[in-house]
Amino acid sequence: MGEGRIRVSVVKDCAYVWNAEDVCMLREKHRIVGRLVGCHARFARQNIQLSLPLQLLPEETSLLLLKGMVDLVDGTISYRTPTEQQKQALERMREKTFQDQEHLARQQKRDDIVKNLDKIKAGKKAKRNKDLEERRSAGEDIDQSQFDEDLDLDIDSFQIEPLRKENMMIQIFTEDPWQEMDQSLDWTFPVTEEENLRFRVFRDLWEKGYYLTSGGKFGGTFLVYPGDPLRYHSFYIAVCLPYKHKMCGQDIITMGRLGSDVKKTVLLCSVNDNNELTYTSLGAPEGPLLGMDRNQLDFKGETK
């Protein structure tokens with residue numbers, strides 16, 4: 001395993017990233033978006049806000065492997081029955097976690113006492129004076145100086161209740177802490193001609209500086225963004241087709257109108273007879289493309 005590489009778990013030919021820091025690094029440094037597919041820990045009964053893991057597109061996984069940014073591991077290992085050594089390691093880790101939490105809870109309680117010491121003194125003094133007043137009312141001779149006497153409280157005199165184990169916070173792992181790092185896997189995508197076309201298009205657009213996500217919801221192969229999808233709308237709907245794929249006029253009009261309705265440009269992406277990527281746009285750029293320099297939107301095919 002390469003040092004500093006991101007660990008990607010593979011389960012049934014699907015690639016997942018479980019580490020939150022790795023997810024941020026992929027998005028911020030490498031323009032790899034993926035999609036969150038996990039259940040949100042605090043909002044379990046909904047599917048609008050999702051959480052880890054991040055599922056990568058096959059094209060994203062192949063690109064990261066090609067660039068030497070990730071290592072693949074067998075994600076099914078995490079589903080196996082834990083060994084006795086793993087169980088003992090878990091108990092040791094939980095015991096250490098409990099001790100750390102107990103120390104922090106005691107320190108937090110002590111800090112709260114120091115912060116509110118004046119209020120505590122005032123409350124204890126008021127209670128003492130009330131008792132003195134009741135004793136005076138009962139006929140006992142109480143000197144007035146006892147009412148004015150200050151209380152001398154020592155921080156160490158306060159009894160701090162220890163944290164009970166049933167009240168400790170339990171860490172829920174988002175990735176296997178005992179993943180065997182020597183369980184490397186082979187990645188077979190792309191294999192078919194269609195998969196090779198999709199990967200070449202994805203790689204070419206990614207190397208041009210774009211962000212890409214799945215384009216299935218708009219009837220395409222990819223959605224192409226000029227920046228992070230959280231900040232920008234996509235400019236293009238990339239549709240990967242064989243170079244000599246026959247299309248009737250109705251299909252072309254359908255895709256052109258779809259792009260026009262959602263203010264995006266449809267790109268037909270193919271590899272020509274000279275093994276060059278070619279991009280054919282349908283319709284004039286609209287919406288977010290208005291006012292942009294067309295020289296910035298050069299999609300001239302390149303031989304890879």
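Predicted model only: the values in this text are computed from it and were never measured.
- Between the SG atom of C240 and the CZ atom of F222 there is a distance of 5.0 Å, given to the nearest 0.5 Å.
- Residue Q85 places its CD atom among 12 or fewer non-hydrogen atoms of other residues, nucleotides or ligands, all under 6.0 Å distant.
- The side-chain tip of K165 points at the ring of F98 from less than 6.0 angstrom away and within 45° of straight on.
- Once rounded to the nearest 0.5 Å, the distance linking CG of L57 with CD1 of I32 reads 8.5 Å.
- For the pair E91/E95, no side-chain contact is recorded, criterion being any heavy-atom separation below 4.5 Å from C-beta on.
- The minimum heavy-atom distance between A238 and V224, with the atom names listed, is CB-CG2, 4.1 Å.
- For the pair R7 and W18, the NZ or CZ position fails the cation-pi test of under 6.0 Å to the six-membered ring centre and within 45 degrees of the ring normal.
- With D112 as reference, Q108 is the one residue of Q108, K115, R110, K109 to meet the side chain to side chain donor-acceptor pair (under 3.5 Å) rule.
- Without hydrogens or angle criteria, S270 side chain to L241 main chain gives a donor-acceptor distance under 3.5 Å.
- Checked by atom type and distance alone, the side chain of E60 pairs as donor or acceptor with a backbone atom of G34 at under 3.5 Å.
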Exercise for review: Given side-chain contact (heavy atoms from CB on, under 4.5 Å), test M69 with L63 step by step and report yes or no.
Suggested key: CA-CA 9 Å; M69 301 175 187; L63 178 67; over 6 Å; no
Exercise for review: Before giving the answer on side-chain contact (heavy atoms from CB on, under 4.5 Å), spell out for L277 and V201 the whole-Å C-alpha distance, their side-chain angles and the decisive distance to 0.1 Å.
Suggested key: CA-CA 7 Å; L277 278 174; V201 171; 3.9 Å; yes
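- Hydrophobic clustering places L163 together with I170 (ILVMFWY residues linked when any side-chain heavy atoms are closer than 4.5 Å, directly or through intermediates).
- A donor-acceptor contact shorter than 3.5 Å is absent between the side chain of S260 and the backbone of G256.
- When side chains are defined from C-beta on, L212 counts as touching W206, because their heavy atoms get closer than 4.5 Å.
- Using a 4.0 Å cut-off between charged side-chain N and carboxylate O, E195 and R200 make no salt bridge.
- The heavy-atom pair separating L54 from R35 by the smallest distance is CD1-N, 3.4 Å.
- Taking the centre of each ring, Y210 and Y225 stay at or above the 6.0 Å mark.
- Judged by the 6.0 Å distance and 45° axis criteria, K264 is positioned over the aromatic ring of F218.
- With respect to the salt-bridge test (charged N to carboxylate O, under 4.0 angstrom), the residues E207 and K67 qualify.
- Q86 places a side-chain N or O within 3.5 Å of a backbone atom of T83 that can act as its donor or acceptor partner.
- In this structure, a donor-acceptor pair under 3.5 Å is absent between the side chains of W187 and T61.
- Linking ILVMFWY side-chain heavy atoms closer than 4.5 Å, directly or via other members, places I252 and V239 in a single hydrophobic cluster.
- Pairs engaging residues 219-238 under the salt bridge (Lys or Arg N to Asp or Glu O under 4.0 Å) rule: R27-D228 [sequence neighbours left out].
- Here N116 contributes atom CG and D118 contributes atom CG; the two are 9.0 Å apart, rounded to the nearest 0.5 Å.
- Remark: Q159 CD is loosely packed, at most 12 non-hydrogen atoms of other residues, nucleotides or ligands lying under 6.0 Å away.
- Within the 4.5 Å cutoff, no side-chain heavy atoms of K130 are placed close to those of L132.
- Counting heavy atoms from C-beta on, the side chains of F235 and T265 never come closer than 4.5 Å.
- In terms of the side-chain contact (heavy atoms from CB on, under 4.5 Å) criterion, residue partners of I253 (sequence neighbours excluded) are, by chain and number, R257.
- No donor-acceptor distance shorter than 3.5 angstrom exists from the side chain of Q49 to the backbone of F43, with no hydrogens or angles considered.
- Remark: Q101 CD to R94 CZ distance equals 11.5 Å, nearest 0.5 Å.
- In this structure, the side chains of P190 and R198 stay at 4.5 Å or more apart for every pair of heavy atoms.
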Practice item. With side-chain contact (heavy atoms from CB on, under 4.5 Å) as the test, would you mind laying out the steps for L52 and L36 before giving the verdict? Key: CA-CA 6 Å; L52 295 173; L36 296 173; 4.2 Å; yes
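- L258 and V266 fall into different hydrophobic clusters, defined by Ile, Leu, Val, Met, Phe, Trp and Tyr side-chain heavy atoms under 4.5 Å apart, directly or through other members.
- Looking at D71 and R5, a side-chain N of the basic residue comes within less than 4.0 Å of a carboxylate O on the acidic one, giving a salt bridge.
- For the 3.5 Å distance criterion, the side chains of D111 and Q107 qualify, holding a donor opposite an acceptor.
- Of the possible donor and acceptor atoms, none in the side chain of N274 sits under 3.5 Å from a partner among the backbone N and O of E276.
- To the nearest 0.5 angstrom, S51 atom OG is 11.0 Å from R42 atom CZ.
- Side-chain contact between P53 and V17 is absent, with no heavy-atom pair separated by less than 4.5 Å.
- In terms of heavy-atom proximity, F199 sits nearest to E59 at CE1-O, 3.7 Å.
- For the pair R136 and E140, the salt-bridge criterion is not met [side-chain N within less than 4.0 Å of a carboxylate O].
- The closest side-chain heavy-atom distance from T97 to M169 is not below 4.5 Å.
- L66 and L26 fall within a single hydrophobic cluster, where Ile, Leu, Val, Met, Phe, Trp and Tyr side chains are chained together by heavy-atom contacts under 4.5 Å.
- The side-chain heavy atoms of V271 and L197, taken from C-beta on, include a pair separated by under 4.5 Å.
- To the nearest 0.5 Å, the span separating CG on D251 from CG on L282 amounts to 11.0 Å.
- Contact between L267 and S281 at its shortest, heavy atoms only, is CD2-CB, 3.9 Å.
- What you find for I237 and G259 is that their closest heavy atoms are CD1-CA, 4.5 Å.
- Smallest separation of non-hydrogen atoms from N196 and V191: ND2-O, 3.3 Å.
- Hydrophobic clustering (ILVMFWY, side-chain heavy atoms < 4.5 Å, transitive): M255 and Y243 are in distinct clusters.
- Side chain of N19 to main chain of D22: a donor-acceptor pair is present (N/O by atom type, distance under 3.5 Å, no hydrogens or angles).
- A salt bridge is defined here as a Lys NZ or Arg NE, NH1 or NH2 lying under 4.0 Å from an Asp or Glu carboxylate O, and E84 with K87 meets this definition.
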